[in-house]
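Treat the numbers as computed from the prediction; the structure is a model and nothing was measured.
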Amino acid sequence: MDASIQRALNDKLYDKRKAGALDLERLIREVVAAKDDAKVEAILDQLCNDYAYAVHQPHARNGGLIGLAAAAIALGSELPKYLEVIVPPVLACFTDQDARVRYYACEAMYNIAKVAKGEILIYFNHIFDALCKLGADSELSVKNGAELLDRLIKDIVSESAATYVSVLEQPPPYQEDDKDVLDDGVELPTAFSLKKFIPLLRDRIYAINPFTRTFLVGWIILLDSIPDLELVTFLPEFLGGLLRFLSDPNRDVHVATQGCLDKFLNEIKRIARIKKGIAESKRSKGEGKRKREDSFESGSVRPPLEEGDEVDSETAADEEELDSEDDWVPGQDVQINHKAILEILTATLDSPLGKPPYADSHQKTANLPSQSEEDGLLESLRWIVEFLDICPEEVLPFTPKILAHLLPAMASGVESIRQAAARVNTSLMDYVVSLSDDAELAAVPNNLARAHGDRQDGTASARASLSSSRELEIRSPTPATGKPLPRTPTPGTSGAQPQADLDYAAAVNSLTLLFLNDHEATRVAALTWLIMLHRKAPRKVLAFNDGTFPALLKTLSDPAEAVVTKDLQLLSQISRNSEDDYFTNFMVNLLQLFSTDRKLLETRGNLIIRQLCTSLSAERIYRTLADCIEKEEDVEFASIMVQNLNNNLITAPELAELRKRLRNLETKDGQTFFVALFRSWCYNAVATFSLCLLAQAYEQAYNLLQIFAELEMTVNILIQIDKLVQLLESPVFTYLRLQLLEPEKYPHLYKCLYGLLMLLPQSSAFAALKNRLNSVSSIGYLHITPRPNATTPSVPSFDRPNRLKGREEGIIRWGELLEKFRTVQERARRLQRLGADMDDSPFGVGDLRISGGDGTGDMKQATGRDGGTSGPTRTAGGGRDSPAGGANNANSAAPKPDPPPKSRTGLGRQLGRFSVAGRGKRNP
C-alpha cells in the first residue's frame, strides 16, 4: 500500500481512516482490473499482519478492519478466492478487549458478508459462535452492531443455506457432454452444513444468559422454517436445553421457547399424519391389486384381445397408476428419532420439578416450583401425551421409567402438574390395556384406568371394583376365541409389524419402589397399575412376584385406608389366580405379619380380614387360617388372632353366609368346617364358647363351661365374656333369644346362659343378661316341673333333632374336641405361669389377683400391698392380656362392675381362689 494510505489507516481519527479506506478501495479495483493477483495478496497480507493482528495498537486494528472491508468491496466477484485471508482476522477482532474494536469488527463483517453473500456461509459456524457471545456483550453499541450483522446473516441463510454451492467447489469447465455426466453422478456439497452446525448448537444450548438464549431460539426457529434443511431430525441434540429455557425468569425467553417447541411438536404430528396416510394409501392399493389378481385367477376377466381391438383407456390408466410410484409428499422421508426424544422427556420428569414438595413448612418454599419451572415439566408431560397418540409403540419401552417419575408428579403441590400427570397416566394405562390379546380385557371399564384420581377411595368402591374383577376371567387366547384387538397402525410402519410388548419385570420393580413414596396418591396409583398389569398378564406378573410379595404384605401397614384397600385387592386377585400353595403361603405370611406387628392387627386387622373375605372365599380363608393357627407356637398370639377372627365371624356382614353354614351342622360340609374352626378356636376359651353358640351346639357349650371352672378366670377372659353378653343382644343372635321360648327343645341353652351369669361379676353385663333370663324364667322352669299326668313314667329328654347326631356316627367327635380344648387351655395356663415366675417380683406391674376364697368376692390389686379397687380392673387394649379386637373388640370397653357388697357370696364362692397373671401394662 502507498505510504499515505498506511498513515491514514493508522490514524486515530475515524474520518481519516475512512478516507484511507476509500483510497485503498480504488487501488485494489485497479489491481484487480489489471489481474495482478500477487499484489492483491500482498496488500491483504499487509492489512492482516500489520494492522488487523496488531493486538496492542487499537487504532491500527480499527484501520485494518475498515481496510479489509474496503478490500472486500473492491474485490467484488473475486472475493471468494480471498475470503480465507480476509475473514479470520475479522473474527479475531470479535474477542478484543476494546469495545470499539469489537464494534468495528461487526461493521467490517457486515460489509464483507454483504458482498460475499452465500460464500460467507462457509464460515457460518465461526460467525455464529462470535455472534452468540456478542449478543450478551456489556457494551450497547457492540450489541447493536451484532444485531445488525445477525439480521444480515439470517437473510443470507434463509435464501441460500439449502442450495448454495460455493464457487470454489464448482468443477473446472468441461465439454458439454462431460458436464452432463458429472451433473448426473456427483452431488456437490453446499456452503452451509447443518451436520457441522449441530455440534456447535448442542454446546451453546446450555447457555444461561437470557440474551444468548433469545439469540439461540431465534436461530432455531429460522433454521426450522427452511424446508429442505429438516432441522427436526436433529431435535434430540438440543431439545433438553430448550426445555430448560422454559424455566428462564425472563418472560421473552419463555414465550419464544414455547413458540419454538409448539412448532416442533406440530411438525412431528404433521409428519406422522403424512406417513400414516401414505401407509393407508399403499395398503388400500395393495388390497385393490389383490382383488384384481383374485378375479383374474377365478376367470372373471376379459377375453384376450383380437387383432384390431383397442384397450379401454380408463383400464389402462388404472393399471399404469398402480404400477407407477406414488408422488413425493414433503415430509414423507423425514426420519424422526422418537426414542431419543422420549429419553430426554423422561429425564426431564426425573428433575426436581417432577417431585412433590415436602410437607414440612421449612422445606416447602425451597421445593415448591415457581411458575416458570412448572412450564418445563408441563411441556414434557404434554409431549409424552402427544407421543402416545403419534407413536405409542415407541413410548412403551419407556413405561417403567415414565411410571417411576410420573406417579410421584401426581402428588405434586401444583394443581396443573397433577392434572397433566393424571392425563399422561390415563393415556398410558389405556394404551397398555389395549395391548392385550384377550378380547375380554379390552372391555375393562375406563373408570379402572382412572382409579388413580380417586384419592378418597372408600370401602364401597373397592368392593365394587373387586366384584367386577371377579367377573373378569384371565385366560390365554385360543385359536377359536383369542382374537387380537384392532389397533391403529403406527405411522410409517406396516400393519404386519409385530406388536410391541411391555417389560413387565422393570414395570413391576418401578411400581414396587413407589410403595415407599410419602404421598398417598402415588401409592394408590402404583397399586392400581399393578392390579391392571396382573389382570392383563397374570403369569408374567407372577413370575416376578417373589420380590414384590413382601412389599405387598408390608403395605398392609400403610396409614392410608385407600392404599390398604388397593393392596388387598391386588393380593386377593393374585391369590384367586394362583394355586393353593401360593394361597396358603399368603395366609402364613399374613399371620406372621400380624404376629410381628401387633399394632397392625389392632388397627387394621378387621379391615384386612373383611376385605379378603369379600374378594375371596370366606370359608377358604377361615379354613386356611384355622389350620395355620392350630400349629401356632405362640399361644398368646394365637388367642388374640382367634379372638379377632371370631369377632368378625359373628359381626361382619360379609360373613353372613358363613354364619348360616355354621348353623347347619346336619350337613357334612358344615360339620367339617365346624371341627376345623373348633380345633384352632381352642386357644381362646370365650371364642370357642361363642362358636358353639353360633353353631347351636348348646350341649357342647355347656360342657365347655364345666371346663371353665378349672381355668384361671383372668381379667381378659372376663372382658371377653362381657363383650359376648353384649353381642348376645345384637341382631346376629336373634335366633338364640327366640330359642329361649322353647326350653323343652333347647334345655342346654338355659344352662349355658346361666353359666355365663355365674361367671360374671355383678356389672352392667351381669344385669343385662340377668334381665334377659328373668324375662323368660317362668317359661324356663316349666320343663322341669312334674307333669300333672301321673301315667307318665318320666320326663322325656328334649334336644334339637340331629344336633349331636354326629356323636354316634363319628363325624363330629365331641369328646375329642372337649379334650382338645382342655389340653390347649392347660398348655396356655402353664406357659402363663412360667412367664409369671420369670418376672423379678411375684407379680408384674399391673398384675391382678382376684380373691374369692373368703366369700367376699373382692378383687385386689397386687402392687406390693393389700387393698385396691373393688371389682375387676380392665385394660383398654394394647397389653399382652388385652388383645386387639378390631372395630368391635380392640377399643371397646365393658363398663366396670359395681362394687360388690361385703355380705354377698358370689363369684369367689363359685370358682374359689384364682389369680390373674396380666403381664401387660395396665390402663386403669
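The two residues Ala105 and Cys93 come nearest to each other via the heavy atoms CB-CB, 3.8 Å. Taking every heavy atom of both residues into account, Ala421 and Leu381 meet most closely at N-CD1, 3.7 Å. Scanning both residues, His254 and Leu246, for their nearest heavy atoms gives CD2-O, 3.1 Å. Nearest heavy atoms, Ala422 versus Met410: N-CG, 4.4 Å. Heavy-atom minimum distance, Ile205 versus Gly241: CG1-CA, 3.8 Å. Minimum interatomic distance between Ala162 and Ile226 (heavy atoms only, all atoms of both residues): CB-CG2, 4.1 Å.
Separation of the Trp219 and Phe197 ring centroids does not fall under the 6.0 Å cut-off.
Expressed to the nearest 0.5 Å, how far CG of Asp375 lies from CD1 of Ile417 amounts to 9.0 Å. In this structure, the separation between CG on Leu149 and CG on Asn111 is 10.0 Å, given to the nearest 0.5 Å. In this structure, Glu386 CD and Ile268 CD1 are separated by 10.0 Å, a value rounded to the nearest 0.5 Å. Taken to the nearest 0.5 Å, the CG atom of Leu406 stands 7.5 Å off from the CG atom of Leu428. The CZ atom of Phe387 sits 11.0 Å away from the CZ atom of Arg382 when rounded to the nearest 0.5 Å. The distance from the CG atom of Leu511 to the CD1 atom of Ile531 is 11.0 Å, given to the nearest 0.5 Å.
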| query | Stepwise, does the side-chain contact (heavy atoms from CB on, under 4.5 Å) test hold for Asp150 with Lys154? | reply | CA-CA 6 Å; Asp150 180 63; Lys154 284 181 177 177; 3.2 Å; yes

| query | Stepwise, does the side-chain contact (heavy atoms from CB on, under 4.5 Å) test hold for Lys114 with Leu152? | reply | CA-CA 8 Å; Lys114 198 168 185 180; Leu152 177 62; 4.2 Å; yes

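In this structure, Lys143 forms a cation-pi arrangement with Phe211, its terminal cationic atom sitting closer than 6.0 Å to the ring centre and no more than 45° off the ring axis.
You'll find the side chain of Trp383 reaches within 4.5 Å of the side chain of Leu261, heavy atoms only. Side-chain contact between Leu239 and Phe264 is absent, with no heavy atoms from C-beta onward closer than 4.5 Å. Counting heavy atoms from C-beta on, the side chains of Asn337 and Thr233 never come closer than 4.5 Å. Asp129 has its side chain out of reach of His126: every pair of non-hydrogen atoms, C-beta onward, lies at least 4.5 Å apart. Residues Lys269 and Asp389 are not in side-chain contact: their nearest non-hydrogen atoms beyond the backbone lie 4.5 Å or more apart. With contacts defined as side-chain heavy-atom distances shorter than 4.5 Å, the pair Leu121/Thr190 does not qualify.
One N or O on the side chain of Asn125 and one on the backbone of Lys196 form a donor-acceptor pair closer than 3.5 Å. Between the side chain of Thr522 and the backbone N or O of Leu407 there is at least one donor-acceptor pair closer than 3.5 Å. Not a single donor-acceptor pair under 3.5 Å links the side chain of Glu379 to the backbone N or O of Leu243. Side chain of Ser380 to main chain of Gly376: a donor-acceptor pair is present (N/O by atom type, distance under 3.5 Å, no hydrogens or angles). Remark: the backbone N or O of Gly240 is not paired with any side-chain donor or acceptor of Tyr206 at under 3.5 angstrom. A donor-acceptor pair under 3.5 Å links the side-chain atoms of Thr346 to the main chain of Glu343, judged by distance alone.
Residues passing the side chain to side chain contact (heavy atoms under 4.5 Å, CB included) test with Thr95: none are found, sequence neighbours excluded.
We find that Lys401 and Asp503 are not joined by a salt bridge, their nearest charged nitrogen and carboxylate oxygen being 4.0 Å or further apart. Comment: Lys133 does not engage Asp137 in a salt bridge, judged by the lack of any side-chain N to carboxylate O separation of less than 4.0 angstrom. Ionic pairing of Asp248 and Arg213 is present here: one or more N-O contacts between side-chain nitrogen and carboxylate oxygen are shorter than 4.0 angstrom.
A donor atom on one side chain and an acceptor atom on the other are found under 3.5 Å apart for Asp262 and Gln258.
Heavy-atom contacts from other residues, nucleotides or ligands closer than 6.0 Å to CD of Glu84 number 12 or fewer.
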